[in-house]
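Throughout, a chain's letter reflects where its sequence line sits, starting with A, and its residues are numbered from 1.
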2 protein chains.
Amino acid sequence: MNSRPRNSLKLISEKFGVSPTTVSRVLSGQAQKYRISPETEKAIKDFAAKENFTPNPIAKGLRLKKTHTIGLIIPDIANPFFAGIASQVVNVARTHGYSIVLCDSEENPALEKQSIELLWARQVDGMILCPVGQTPDYLERYAREQRPLVLVDRVFPGLGLPYVSADNFTGAKNATAHLLDNGHRRIACLQGMVGTAPSEARVGGYTAALKERGVPFDPRLVVGDSFGEQSGYLDTKLLIRATPDITAIFAMSNLLALGALRALREENRSVPGDISVIAFDDQPYLAHLSPPLTTVAQPHLEMGAAAVKLLLDEMRAPSSATKSGLYLPTSLVIRQSVRKLD
Amino acid sequence: MNSRPRNSLKLISEKFGVSPTTVSRVLSGQAQKYRISPETEKAIKDFAAKENFTPNPIAKGLRLKKTHTIGLIIPDIANPFFAGIASQVVNVARTHGYSIVLCDSEENPALEKQSIELLWARQVDGMILCPVGQTPDYLERYAREQRPLVLVDRVFPGLGLPYVSADNFTGAKNATAHLLDNGHRRIACLQGMVGTAPSEARVGGYTAALKERGVPFDPRLVVGDSFGEQSGYLDTKLLIRATPDITAIFAMSNLLALGALRALREENRSVPGDISVIAFDDQPYLAHLSPPLTTVAQPHLEMGAAAVKLLLDEMRAPSSATKSGLYLPTSLVIRQSVRKLD
DNA sequence: TTGAAAGCGCTAACAC
DNA sequence: GTGTTAGCGCTTTCAA
């Protein structure tokens, strides 16, 4: 009873006194093309529907060298930012007939590399990678080998791989401008992992806004080296000791903002009374924080969807020369964590 | 250049003047067993390592009828609760040599069913399902067919399928007791989707605590029918109109609590000044809300890990008669959203 | 100690 | 209109 003898083309073909080929043709919608008799076609189709039979994709995969499978590597699926991306990737992929094999690199480059190899070995047709953001040496090879691979978020332009990212530069620039508009001049910047594209772009936007308004750039105000809560907490603590004249903090991630809030609370600085805060990346709960946090919203869902579409293109036209990068616009969500100075 | 001729046992065997069989044996660690000459063994192993060759798992899957793949179906991967479970599932599965194929049922029973069929068709060796919580008719069949399938969170005991869940009953009972200990008597209960095991168990725990202390149960105080933020918001609004004497709200999910907070804010009720709130399921941001929310923490990670272990057992011993359910203990995380009444 | 052959379930080229 | 054959890459008898 444990060995349900799974149906197969062969079994079905015997049942109807035809060849497996015929069954295959019917089931792949080629009955018309091969002018298979309508009766046979109907009989087979009905049977398949009734038994809810689908040709074994493993066998198909072996034969066709296509698994209809996409690998997805995420640094931390428990992080809502990545979870949001993943949700769209899964859904869009499904509507195109692809399944997702999910790996979690745990923010670990070695595990990331291992996961990539695993997925290629598993014969995925393509791959979407949110790199942890460091030493992309091995990625270069995949670019050269023309593998269908698209990068998301912590992208590496110039690698020759297509990518999708939020327009971090403009997002950060607008957020900084918003602070400036509200009279802030001493604005600290809690940056993320140094050397990653998002962090660099955000700091770039911050600097650009400052420059545009003629506000002097103070390097002591740019601190931090990770996107995590810990880092936000610690660096904020240090910051308010080292440069007590700051009136605003631009935290370049969600978690960083949470950490900053915790530090500020401990140090009895009110937000936005004493210090204004802007976060990066919107999440539902930010509206429920005290105070509701102003933030730069990233188009998660669009990012995930775009990644799949780019990948599908890539898979269709393997050697397209134009590896286009895509920057999706952010939007400033204004809540109540920025105070107007006069 | 696009067609890298992937290595194969055959290719390698030709290279070394042996048969594919031999290569297969070496690469599957059976050299010893078949007393293959140490030189051949080493040569082959070295080559495989250098070329980073692994026998094609698709072919292997076809031959062995094992894909080393586990299906995971989640109602909403963007929900941090499920993302937490998924993260452990992925990681534990990986350490056991299994990959995860992820599906998102979007809280939709039809899509859930479709995903299950898809995954079985894709020949997954087993499946972990977080059901959306309704009409499990088709699940019964899988139980009968002895398929390796484990349920998580919104479980259906009595279906004959192994499952993992938090001990929702005790968790809710303790939380209610905590409220009672703090002098609350009129405690409203924002329940989740009616008919789901977690919701029923939580309401059960709530009732049990009331009963144990001799506090009369008022059915008007138990409201709601979904786990979402909307529902928490609306039902809280209605609640404070219908039963203005309540002093506490027990929200049986995270999102429900967020909705309640929003409603309370709009209605100018302070938390915990006017109304105390307890949530269900801990998430990092709850500590940063205003006020930091007291909540019943679920052992997400353990739940994910346990699900995989249960599944692996199930896959090893296909017809084990003892389909054990597993209830993992919750813990009450006390923060500042409960006021002591006197 | 090693290899030849069969077959997992499927599709595509080439018959007829 | 339909079937025969071969082969995707692997493992596993069975034979030597």
Side-chain angles (χ1 to χ4, degrees), chain A residues 3-45 47-48 51-69 120-125, chain B residues 3-45 47-48 51-69 120-125:
Chain A
S3 57
R4 304 152 257 114
R6 255 197 51 85
N7 268 318
S8 69
L9 294 192
K10 184 141 169 286
L11 246 52
I12 298 182
S13 70
E14 282 162 6
K15 179 161 223 111
F16 290 99
V18 295
S19 78
T21 311
T22 302
V23 183
S24 171
R25 283 170 178 157
V26 167
L27 261 25
S28 58
Q30 305 199 289
Q32 197 80 5
K33 183 170 159 197
Y34 288 98
R35 313 214 207 145
I36 286 159
S37 81
E39 307 89 68
T40 333
E41 180 183 359
K42 183 158 178 358
I44 293 175
K45 274 194 169 158
F47 181 80
E51 296 271 295
N52 169 330
F53 170 83
T54 332
N56 183 331
I58 302 296
K60 220 164 158 168
L62 183 59
R63 178 67 235 248
L64 266 14
K65 293 171 181 294
K66 286 259 160 284
T67 55
H68 272 248
T69 276
W120 289 137
R122 276 203 179 255
Q123 315 287 104
V124 297
D125 294 340
Chain B
S3 58
R4 307 151 256 114
R6 259 199 47 87
N7 267 318
S8 69
L9 293 192
K10 184 142 169 287
L11 247 53
I12 298 183
S13 72
E14 281 162 7
K15 179 161 222 108
F16 290 98
V18 295
S19 77
T21 311
T22 302
V23 182
S24 172
R25 283 170 177 157
V26 167
L27 260 27
S28 57
Q30 304 199 291
Q32 198 78 6
K33 183 171 159 197
Y34 289 97
R35 311 212 208 148
I36 286 158
S37 81
E39 306 91 69
T40 331
E41 180 183 358
K42 183 161 180 351
I44 293 175
K45 276 193 168 159
F47 181 80
E51 295 274 292
N52 175 326
F53 170 85
T54 332
N56 183 331
I58 302 295
K60 219 163 159 170
L62 183 57
R63 178 70 234 246
L64 267 13
K65 295 167 179 293
K66 286 257 161 287
T67 56
H68 273 250
T69 275
W120 289 136
R122 276 205 179 253
Q123 316 286 105
V124 297
D125 294 341

Rounding to an integer number of Å, can you tell me how far [X] [atom1] sits from [N] [atom2]?
X      : N      : atom1 : atom2 : value
A:R35  : C:dC16 : CZ    : C1'   : 15 Å
A:N7   : C:dC8  : CG    : P     : 14 Å
B:E41  : C:dT2  : CD    : C1'   : 14 Å
B:Q123 : C:dC8  : CD    : C1'   : 11 Å
A:L9   : D:dT4  : CG    : C1'   : 15 Å
B:I58  : C:dC8  : CD1   : C1'   : 13 Å
B:F16  : C:dG3  : CZ    : P     : 13 Å
A:Q32  : D:dT2  : CD    : C1'   : 16 Å

Spatial distance of atom OH (B:Y34) from atom OG1 (B:T21) [nearest 0.5 Å]: 9.5 Å

Rounded distance [0.5 Å steps], CG in A:L11 versus CZ in A:F53: 9.0 Å

Main-chain N/O of A:S24 paired with A:S28 side-chain donor or acceptor, under 3.5 Å: yes

Residue mapping more 5' on DNA chain C - nearest nucleotide basis, A:K60 or B:T40: B:T40

Minimum-distance nucleotide (side-chain atoms of [X] versus [options]):
X     : options               : answer
A:S37 : D:dG3, D:dT2, D:dG9   : D:dT2
B:S8  : D:dC10, D:dG3, C:dT2  : D:dC10
A:K65 : D:dC8, D:dC10, C:dC10 : D:dC8

Heavy atoms from other residues, nucleotides or ligands near CD of B:E14 exceed 12 (cutoff 6.0 Å): yes

Neighbour count above 12 (heavy atom, 6.0 Å) for B:E51 CD: yes

Taking N or O atoms only and anything under 3.5 Å, show me the protein contacts with nucleotides 12-16 of chain D, one pair per line.
| unit_1 | atom_1 | unit_2 | atom_2 | d |
| --- | --- | --- | --- | --- |
| D:dT12 | O4 | B:T21 | OG1 | 3.1 |

Just to confirm, is there a sub-4.0 Å distance from OP1 or OP2 of [N] to any side-chain nitrogen or oxygen of [X]?
X     : N     : value
B:K66 : C:dC8 : no
B:T22 : C:dG3 : yes
B:K33 : C:dT1 : no
A:S19 : D:dG3 : yes

Sugar-phosphate only, base, or nothing, as touched by A:I36 at under 4.0 Å among non-hydrogen atoms: sugar-phosphate

Distance-minimising heavy-atom pair for A:I58 and B:Q123: CG1-CG, 3.4 Å

Side-chain touch A:V26/A:T40, heavy atoms, less than 4.5 angstrom: no

